Amino acid sequence: MVCNPSVTLTNATYVHDVDCYALALLFVCMGMYLCCEKKYVSSCILFVVSMGLYQAYIQVAVFLCVIIGFKDILSGNSIKGILKLFVCRLFVLGVSMVLYFIIYKLILLFPGLSASAYYNSMENMRVFDIYTLIVSIKAVLSSELDWLLGKNNNSSVLVLLVNVVSIFTLLSVTVKQCLICKFSAGGYLAIIFMALVALFGGGCTIFLMGSYHGLMMYSYYFVYVLLLVVCDGFGGKEVFIAELAVIVLIYDCVLFSNKLYLRKEMEANSTLSYMTRVLDRMEMMDEYEVKETPVAFIGYLLYSDIYRRNDGFNYECTGISDVYSLTYYGTYEKYFEYVLNYPLNLVPEKKARELSELKEVEEMGDFPSKDSMKMIDGILVVKLSDEWADMLE
């Protein structure tokens with residue numbers, strides 16, 4: 001649970017938020033523990049706080065709920081009692097989500113703030129009708145299919161094999177235990193109900209927002225925890241198969257992590273080289289003064305003439321689709337401040353986009369062309385490319 005692609009992608013892209021995300025995950029686990037102890041108010045508070053830190057980890061609570069329910073059912077406990085507790089825990093999760101949303105709206109209301117409609121933001125939550133319901137279900141199933149096929153770690157064949165073996169083993173053990181316990185129809189229906197909750201509840205934030213990324217798939221890896229829990233105490237070859245599948249998966253995850261961190265190091269080095277040359281050229285401009293002269297970056301490094309990708313790396317995962325550490329416009333100022341330790345007077349992105357529409361800017365070449373920098377109305381214009389990223393701050 002600490003070296004899967006979701007964690008690796010988090011460390012490789014949002015390392016400055018990892019401690020916050022880890023705390024959100026801790027609160028979710030603590031909340032579910034308290035929920036099992038029937039301390040519902042305390043668990044509800046922890047769930048709300050966790051969503052305040054990072055909403056996607058509430059999906060972990062859904063999977064934990066399913067794991068506990070499966071374990072109780074296969075232990076031969078009363079189906080009616082198990083279902084009652086299972087629905088009760090889901091109800092607590094639902095109440096927590098509603099409370100979080102109410103608090104979120106109140107926080108915006110009283111100071112008179114407006115929420116950003118940025119990618120994957122709360123403002124993009126869906127208002128459901130038949131069409132959006134179908135689209136949301138499709139988004140959840142698509143994300144789970146990507147996980148099943150191993151598309152997130154570039155090891156499709158190996159991960160697909162492990163996942164197929166794991167799911168088959170899970171089904172096999174479940175059916176055998178059901179036959180041993182001689183379940184009634186209610187027992188089978190309870191298992192099917194919990195499986196459906198795992199299938200759709202495991203992607204509840206995707207279901208609400210209609211989009212997902214690699215950081216939101218952490219809960220999917222609790223399928224392997226469910227496999228080990230169900231096989232625990234059952235004995236036989238299924239336990240060996242489950243343990244072997246998890247070992248192979250961990251080995252593959254370690255390979256993926258090492259490869260990805262190498263990619264990020266290469267990305268950092270290439271960005272440092274590129275931006276150092278940009279800064280050197282800026283300081284050679286006659287009218288440029290450190291801290292004083294406004295600077296506008298035009299375009300996006302992804303569309304630069306010198307942009308290229310290295311062979312042998314996966315570029316389809318969250319946060320690693322680029323070869324530079326700089327992405328949207330605001331990262332330039334932070335890069336100069338924290339990496340280059342250099343004072344940069346960066347103009348707002350809206351102003352930079354307005355400058356890019358000027359004919360004299362359109363005629364400029366992309367860096368490192370000699371005409372890639374020019375003083376226009378007291379602003380140093382640095383042209384990286386003709387095209388912009390879609391993100392506007």
Side-chain angles (χ1 to χ4, degrees), residues 1-11 21-22 25-26 28-29 32-33 36 56-75 140-141 143-177 191 194-206 212 214-258 260 317-318:
M1 303 309 293
V2 297
C3 70
N4 63 65
S6 182
V7 174
T8 300
L9 292 171
T10 302
N11 292 333
Y21 293 165
L25 182 58
L26 175 63
V28 159
C29 295
M32 185 49 62
Y33 170 77
C36 292
Y57 283 148
I58 199 66
Q59 298 173 176
V60 172
V62 176
F63 262 103
L64 288 175
C65 189
V66 171
I67 290 172
I68 295 167
F70 258 86
K71 187 174 185 298
D72 290 342
I73 287 179
L74 297 180
S75 297
V140 174
L141 296 179
S143 70
E144 292 173 341
L145 182 61
D146 286 348
W147 167 80
L148 178 67
L149 297 176
K151 288 186 177 181
N152 294 291
N153 59 354
N154 206 27
S155 302
S156 299
V157 176
L158 179 60
V159 175
L160 175 60
L161 179 62
V162 170
N163 287 340
V164 169
V165 170
S166 298
I167 293 173
F168 178 80
T169 304
L170 179 60
L171 292 174
S172 174
V173 173
T174 301
V175 170
K176 285 183 179 180
Q177 194 70 0
I191 291 176
M194 290 185 184
L196 289 174
V197 170
L199 182 64
F200 295 105
C204 58
T205 54
I206 303 169
Y212 82 104
L215 276 62
M216 296 170 66
M217 67 181 185
Y218 183 79
S219 57
Y220 297 170
Y221 290 90
F222 277 81
V223 169
Y224 306 111
V225 178
L226 175 61
L227 173 65
L228 294 174
V229 167
V230 170
C231 290
D232 183 42
F234 189 78
K237 61 183 179 180
E238 284 86 358
V239 177
F240 172 76
I241 293 173
E243 292 173 346
L244 181 61
V246 172
I247 290 172
V248 172
L249 181 72
I250 292 173
Y251 172 74
D252 181 74
C253 288
V254 170
L255 291 181
F256 171 77
S257 297
N258 289 337
L260 180 59
C317 299
T318 302

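Small disclaimer: the values here were computed from a predicted structure and weren't measured. For the numbers below, each heavy atom of this structure counts, side chains included, while hydrogens, waters and symmetry mates do not.
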Going by the rule side chain to side chain contact (heavy atoms under 4.5 Å, CB included), which residues pair with Val254 if we only count those two or more places apart in sequence or in a different chain?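 If we apply the side chain to side chain contact (heavy atoms under 4.5 Å, CB included) test to Val254, skipping adjacent residues, the hits are Cys3, Ile250, Asn258.
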
Look up atom [atom1] in [X] and atom [atom2] in [Y], then write down how far apart they are to the nearest 0.5 Å.
X: Leu249; Y: Tyr221; atom1: CG; atom2: OH; result: 7.0 Å
X: Tyr224; Y: Ile167; atom1: OH; atom2: CD1; result: 7.5 Å
X: Leu227; Y: Ile67; atom1: CG; atom2: CD1; result: 10.5 Å
X: Leu25; Y: Ile58; atom1: CG; atom2: CD1; result: 11.0 Å

Applying side-chain contact (heavy atoms from CB on, under 4.5 Å) to Val229 and Phe70, what does each step give before you reach the verdict? CA-CA 9 Å; Val229 167; Phe70 258 86; over 6 Å; no

Please give me the minimum heavy-atom distance between [X] and [Y], naming the atom from each residue.
X: Thr10; Y: Tyr21; result: CG2-CD1, 3.5 Å
X: Tyr57; Y: Val28; result: O-CG2, 3.5 Å
X: Met32; Y: Ala61; result: CE-O, 3.3 Å

Contacts of Ser166 meeting side chain to side chain donor-acceptor pair (under 3.5 Å) (sequence neighbours excluded), chain-then-number -> none

Non-hydrogen side-chain atoms of [X] and [Y] separated by less than 4.5 Å:
X: Tyr33; Y: Leu64; answer: no
X: Thr169; Y: Val165; answer: yes
X: Phe222; Y: Val60; answer: yes

